Amino acid sequence: MAELVEKSLNFIEEIIEHDLEIGKHKTIITRFPPEPNGYLHIGHAKSICLNFGLALKYGGKTNLRFDDTNPTKEDIEYVDSIREDVKWLIEEMPMEWSEERYASDYFQTIYDLTVKLIQKGLAYVDHSTAEQMAVSKGTPTQAGTNSPYRDRSVEENLALFEQMKSGSLPDGTCVLRAKIDMASPNMHMRDPVIYRIKHAHHHQTGDDWCIYPMYDYAHPISDAIENITHSICTLEFEVHRPLYDWTIKNLELFPSRQIEFARLNLTYTIMSKRKLLQLVTEGVVNGWDDPRMPTISGLRRRGYTPAALREFANRIGIAKRDNIIDVGLLEFCVREDLNKKAQRVMAVLNPLKVVLTNYTEGVTETVEIENNPEDPNGGKRLVPFGREIWIEREDFMENPPKGYHRLTPDGYFRLKGAYIIKHVETIKNTEGGIEELRCEYIPTSKSGQDQSGIKVKGVGHWVNVATAATAECRIYDRLFTVEAPDGDKEKSFMDYLNPNSLTVLDTIYVEPSVKDLAVNDRVQFLRHGYFAVDKDSTDTKLVFNRTVTLKDSWKPA
RNA sequence: UGACCCAUGGUGUAACGGUAGCACUACAGAUUUUGGUUCUGUCUGUUAAGGUUCGAAUCCUUAUGGGUCAACCA
């Protein structure tokens, strides 16, 4: 009997299993609560996979909840992109699509609860200015002092809060504060603001409200309303947890529990929404979905699969210590997935013409090549072959280093799926650059029926000149030159931009089968890497994005 | 000079008082009509010092290092 290898639990799963065991909950409900003020990035993907993954594992459910309590920073564009990204990421997961909720769905309920809070003497309207409040808040090492408005009567607070809601007060006139403890060692417990006046149009509620609850206050209430059992967020909210618990306790709500885990950091990239926005607004990249961006939409456009992202999230694990994941792991995950799925195609990115002098002019024959050696059911395709072909410039060297086993002067080279060729002559231009190669093909060496007896070490891809399709190809490199672009307090991440993060190849030659490809299709260019068809493609021009190179263990001696 | 959180190979993550394991990376080899894939092997680790214990990565103390917290942001 096979030994069952049980995957160890992360600390959140341990908490959940414990809660289930002691009967605290019969089932679990999690939520993914993005603020619609930017596009989702791979750090969010980690969180999405965690929350949806937990629900899947324990038979619970997950809500997608837009945390839209600040209308001045949020936009419907972001709501739409987030919904699309989440949908795409979890599309093949065997579970139901979550309920789509908005914190703004609960504005009335939150308001009603707040009236209760005031009645309990646990909140007061403060007319201090923002500056005064900052001063009286104290510092982390020094207790704060009570506001002069702290002891207003319940009746007065009720009336003032009503006035705040009525719309008669301009922004900033006053705020509603929770009455907790100005001397708390936790700054978030020093009478935090829970409501502020904002005469702003909200993308969901329009002009219904001119007061909006703060995150720290709205979040636990929203969780409780949805019966969220485990409210998972990142580490920086750890110090907010006492306020989260305070809110639930004093409002006597469903006991949602906040649990914090370490956010994802990736080498050679930045993850802050603010900084990503800066890249977009300053034109460093071409939008949120630029394939160099660590956004979900950028990765999707780059050619990443949802399965690869989920596998990545799975491999990096969940813990509380700060981490920085090698971007190589992400690349490993997409290679692993695409190796199984992507059809192989021959494309020459940096062409060198080869004329087979002993091949009949004007003749085109077809050779049969497997679509994917990793997939037994992948089938084969016909690829045209003729007298003139493109090969990769790097596949020929006049003075090869030791260990180079491609084409060399007077050497042999196998054209994948076709014939062995023998180098005869190198044609150069006046500057001494290599213009073209004259070779002879070995007629008896055809793939599958080779009787030539010639042993070649080198095998390469090629494209028949007469039937070649052309395309544009975009080669991406990492956006930053250092592992931790925002790790330096002295310098800005903008100082570490890689000037060569994008290289456009106007014309590459590809075998004609690519004409059937559609936008977002992914293929492997043999010996190059994985490529995805970009949305910029037109009926007459294909555009490929390089997702990732193939692993390359060849290095000259 | 406050409170809270964290500390295991290069990176990430296990071991729940009883043999420090797995993955990625790197390196070496085998196979290969992709210098891909696959397979095999190798290197590298418990922050430090005390204590508890027959036994400590694990529990306790202190130190050190890292992170977080003073928006009418989330």
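Order of the sequence lines sets the chain letters (A, B, ...), proteins ahead of strands, with each chain counted from 1. A quick note: this is a predicted structure, and the numbers were derived from the prediction, not measured.
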Per the atom types in the model, does the base of [N] pair as donor or acceptor with the side chain of [X] at under 3.5 Å?
X: A:Arg414; N: B:U33; result: yes
X: A:Arg335; N: B:G36; result: no
X: A:Glu374; N: B:U38; result: no
X: A:Ser447; N: B:U33; result: yes

Legend entry - Nearest-nucleotide comparison on RNA chain B, the residue closer to the 5′ end among A:Asp326 and A:Lys489: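 Counting from the 5' end, the first nearest nucleotide belongs to A:Asp326.
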Legend entry - Closest-nucleotide ordering on RNA chain B, the 5'-leading residue of A:Phe237 and A:Pro185: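 Nearest-nucleotide comparison on RNA chain B picks A:Pro185.
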Complement of [N], any strand, by Watson-Crick or G-U distances under 3.5 angstrom:
N: B:C4; answer: B:G67
N: B:G12; answer: B:C22
N: B:G36; answer: none

Inset, instruction - Rounded to the nearest angstrom, tell me the gap between atom CD1 in A:Ile82 and atom C1' in B:A74. - result: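 After rounding, the reported distance stands at 12 Å.
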Inset, instruction - Measure from CZ on A:Arg344 to C1' on B:U37 and round the result to the nearest Å. - result: 8 Å
Which part of the nucleic acid, if any, lies within reach of [X] when heavy atoms closer than 4.0 Å are counted: base, sugar-phosphate only, or nothing?
X: A:Gly417; result: base
X: A:Lys551; result: sugar-phosphate
X: A:Gly448; result: base
X: A:Tyr404; result: base

Nearest-nucleotide pick for [X], side chain only, options being [options]:
X: A:Arg527; options: B:G36, B:U13, B:G35; value: B:G35
X: A:Arg315; options: B:U13, B:U34, B:A23; value: B:A23
X: A:Val175; options: B:U68, B:U13, B:C72; value: B:C72

Legend entry - Over 12 foreign heavy atoms within 6.0 Å of NZ, A:Lys457: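 Open.
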Inset, instruction - Would you check if A:Trp554 stacks with the base of B:G35, given a 5.5 Å centroid limit and a 30° plane limit, both strict? - result: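 Check passed, A:Trp554 stacks on base of B:G35.
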Legend entry - Sole residue of A:Arg31, A:Glu226, A:Arg101, A:Glu100 in side chain to side chain donor-acceptor pair (under 3.5 Å) with A:Asn63: A:Glu226
Legend entry - Test log, rule salt bridge (charged side-chain N to carboxylate O under 4.0 Å, His left out), inputs A:Asp486 and A:Lys275: CA-CA 9 Å; A:Asp486 52 6; A:Lys275 290 173 182 169; 3.7 Å; yes
